[in-house]
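Being a predicted model, the structure only gives us computed values, none of them experimental.
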There are 2 protein chains.
Amino acid sequence: MNEPDFKSYTAAAEMLKALAHPVRLCIVRGLLQKKQCNVSYMQECLNLPQSTVSQHLQKLRSAGIVETERSGLEIKYTIADERVKQLIVLLLPKEDAIYE
Amino acid sequence: MNEPDFKSYTAAAEMLKALAHPVRLCIVRGLLQKKQCNVSYMQECLNLPQSTVSQHLQKLRSAGIVETERSGLEIKYTIADERVKQLIVLLLPKEDAIYE
DNA sequence: ACGTTATATCGTAATATTACGATATAACGA
DNA sequence: TCGTTATATCGTAATATTACGATATAACGT
């Protein structure tokens, strides 16, 4: 039988919920491209208040989608769950090329 | 550059939001297995009130994830967007075997 | 036309998410 | 130690989602 139990569904739903926001998708896609990024850079890219960006990042972080590493004053974010790469490929229109 | 624009992110987020609920994931996975299903069957499986199941189905439907076909008194639901298959494979633990 | 079955929609209370300014924390350089 | 920079957290108002009983609709058999 081996049906996914309720817990599996809940866990998967949590992950999807964390990704299910245009700003967070944008952050994640940027991280997949750039591999690593600090908050102020994202903030400029997104053109959103710092606290807003930070809150989205915390949501991604507590879902295990990204992780952090401090480097002096900055916190560098990276992708922590490789599955999101495939999710993004599946869901966002492809790029012709990715620079850098 | 060809960056996905805001609209792409919003569209992808809508899709994820529609899937980001344990009950809806369960419905979708069931449909992937059984190919086709009516509402009362799902209702029994899920053991939830009819209106609750129906509302989840409407959410999946308006996201284009499932589609319907009437057959007499019943409405048969099927998966409309093949991408969800890969999403499910990616997110839910695999089954050893799928019967029928 | 009438009762029955299957499904959808409405109304709504409870809960969750979002955005964002204000404030806190942590690390740096002087 | 102090000021500054980078980031996180708090408080909260606005908005969205959820669950579910009640009610509506649509198709069937008689």
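With hydrogens and angles left out, the side chain of Gln50(B) and the base of dC20(D) share no donor-acceptor pair within 3.5 Å.
Rounded to whole angstrom, the span from the CD atom of Glu74(A) across to the P atom of dC28(C) amounts to 11 Å. Taking atom CG on Leu73(B) and atom C1' on dG3(C), their separation rounds to 12 Å, with Å as the unit. Put simply, CD on Gln43(A) is 10 Å from P on dA6(D), counting in whole angstrom units. At whole-Å resolution of the value, NE2 in His21(A) and C1' in dT17(C) are 9 Å apart. When the P atom of dA16(C) is taken as reference, atom NZ of Lys17(A) falls 8 Å away, rounded to whole Å. The CD-P distance, from Glu69(B) to dA8(C), rounds to 14 Å in whole Å. Atoms CG (Leu57(A)) and P (dT18(C)) sit 13 Å apart, rounded to a whole Å. Taking atom NZ of residue Lys76(B) and atom C1' of nucleotide dT5(C), one finds them 17 Å apart after rounding to whole Å.
Checking the phosphate oxygens (OP1, OP2) of dA6(C), no side-chain nitrogen or oxygen of Arg70(B) falls inside 4.0 Å. In this model, the phosphate group of dA6(C) is not approached by any side-chain N or O of Tyr77(B) to a distance below 4.0 Å at OP1 or OP2. At least one side-chain nitrogen or oxygen of Lys59(A) sits closer than 4.0 Å to the OP1 or OP2 atom of dT18(C). Within the 4.0 Å cut-off from OP1 or OP2 of dT17(D), not a single side-chain nitrogen or oxygen of His56(B) is found. For dT7(C), the OP1/OP2 oxygens have a side-chain nitrogen or oxygen of Ser40(B) closer than 4.0 Å. In terms of phosphate contacts, Thr52(A) brings no side-chain nitrogen or oxygen within less than 4.0 Å of OP1 or OP2 of dA19(C). Residue Gln58(A) places at least one side-chain N or O closer than 4.0 Å to OP1 or OP2 of dA8(D).
Between the side chains of Gln86(B) and Arg83(B), not a single donor N or O lies within less than 3.5 Å of an accepting N or O.
A 4.5 Å side-chain heavy-atom check between Leu46(A) and His56(A) finds every atom pair outside the cut-off. Taking the side chain as every heavy atom from C-beta outward, Leu25(A) and Leu16(B) approach each other to under 4.5 Å. Residues Leu91(B) and Met15(A) meet the side-chain proximity criterion, which asks for heavy atoms closer than 4.5 Å.
Arg24(A) places a side-chain N or O within 3.5 Å of a backbone atom of Ala18(A) that can act as its donor or acceptor partner. No side-chain donor-acceptor contact under 3.5 Å links Ser54(B) to the backbone of Gln50(B). Between the side chain of Arg29(B) and the backbone N or O of Leu31(B) there is no donor-acceptor pair closer than 3.5 Å.
Of the two residues contacting DNA chain C, namely Ser51(A) and Ala20(A), the nearest-nucleotide position lying further toward the 5' end is that of Ala20(A). For the pair Ser71(A) and Val23(A), both in contact range of DNA chain C, the more 5′-proximal nearest nucleotide belongs to Val23(A).
Backbone-only contact: Arg24(A) has heavy atoms under 4.0 Å from sugar-phosphate atoms and none from a base.
Stems are defined here as 3 or more consecutive Watson-Crick or G-U wobble pairs with pairing distances under 3.5 Å; those involving DNA chain C are C:1-30 with D:1-30.
Partner of Leu19(A) under the side chain to side chain contact (heavy atoms under 4.5 Å, CB included) criterion, chosen from Ile65(A), Ile88(A), Ile27(A): Ile65(A).
Side chain of Gln55(B), nearest nucleotide from dT7(C), dA6(D), dG11(C): dG11(C).
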